[in-house]
Amino acid sequence: MAYWLMKTEPEAFSLDDLAARGKEPWDGIRNYQARNFLRSMQFGDGIFLYHSRVPVPGIVGLAEVRSSAHPDPTQFDPRSKYFDPNSRPEQPRWDLVDVGFRARFAKVISLEELRQWPVFADSPLVRKGNRLSILPISETQWAAVLEHAELV
DNA sequence: GCCAACGTTGGC
DNA sequence: GCCAACGTTGGC
């Protein structure tokens with residue numbers, strides 16, 4: 001059992017969208033480090049859903065991993081913006097997992113707030129210039145956020 | 001919308 | 001293999 005944080009721009013896909021659909025294939029990851037994290041995910045792992053590129057970026061709710069990693073079909077679709085002409089079907093370059101909705105937070109736990117929590121002091125999340133869209137969360141960080149959050 | 005920070009690409 | 005150019009991310 002592991003924990004993760006996954007970023008999304010709510011304009012493209014929000015926590016509410018996930019809540020409405022229940023479960024969604026998390027496609028479009030095109031960064032090797034993020035992909036490697038995807039590949040180590042297991043069914044049932046916990047996820048913090050994070051909204052980026054909004055006035056108050058931060059963790060907005062909980063989700064969970066609902067599949068193991070498997071090839072992202074959009075890499076083979078020439079009409080997709082995620083098409084990767086260099087990826088070979090016999091050795092796919094990009095993977096995805098299914099993500100299921102779990103809960104919404106009554107209030108966003110903002111990045112500004114998280115920066116002040118000692119448990120996040122060493123997290124790439126609070127580092128300037130960090131661009132990782134998927135990052136691991138420690139058990140301590142998970143517990144700290146859950147203790148602070150009001151689930152809806 | 002701006003732009004710093006970063007990852008990737010490709011010429012050499 | 002270096003590194004400039006380019007594209008993208010994401011806070012502000």
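Chain naming here is simple, since letters A, B, ... match the order of the sequence lines and numbering starts at 1 in each. Below, each value reflects all heavy atoms present in this structure, side chains not excepted, and no hydrogens, waters or symmetry copies.
- Atom CG in A/Asn130 sits roughly 15 Å away from atom C1' in C/dC12 (whole-Å rounding).
- In summary, the aromatic rings of A/Phe48 and A/Trp4 are positioned with their centroids too far apart to meet the 6.0 Å limit.
- When the P atom of C/dG7 is taken as reference, atom NZ of A/Lys81 falls 17 Å away, rounded to whole Å.
- A/Arg35 has its CZ atom 14 Å from the C1' atom of B/dT8, to the nearest Å.
- Proximity of a side-chain donor or acceptor of A/Gln75 to a complementary backbone N or O of A/Tyr82 within less than 3.5 Å is not detected.
- The interatomic distance linking A/Glu9 (CD) with B/dG1 (P) rounds to 14 Å, in whole Å.
- The nearest whole Å value for the distance from the CG atom in A/Asn31 to the P atom in C/dT9 is 9 Å.
- Taking atom CG of A/Asp84 as the reference point, atom C1' of B/dT8 lies 12 Å away to the nearest angstrom.
- The phosphate of C/dT9 (OP1 or OP2) has no side-chain N or O of A/Tyr50 nearer than 4.0 angstrom.
- Here the P atom of nucleotide B/dT8 and the CD1 atom of A/Ile29 are 13 Å apart, to the nearest Å.
- Remark: C1' of C/dT9 and CG of A/Leu125 are 14 Å apart, rounded to the nearest angstrom.
- Among the heavy atoms of the strands, none lies under 4.0 Å from A/Arg127.
- Formation of a donor-acceptor pair under 3.5 Å by the A/His51 side chain with backbone atoms of A/Val108 is not found in this model.
- Using cut-offs of 30° and 60° for the angle between ring planes, the A/Tyr32 and A/Trp94 rings count as tilted.
- Proximity note for A/Arg115 (side chain, C-beta onward) versus C/dG10, C/dC12, B/dT8: the nearest is C/dC12.
- Comparing A/Lys128 and A/Asn86 along DNA chain B, the residue whose closest nucleotide (by nearest heavy atom) sits nearer the 5' end is A/Lys128.
- Along DNA chain B, the nucleotide nearest A/Arg93 and the nucleotide nearest A/Arg53 are compared for position; the residue whose nucleotide lies closer to the 5' end is A/Arg53.
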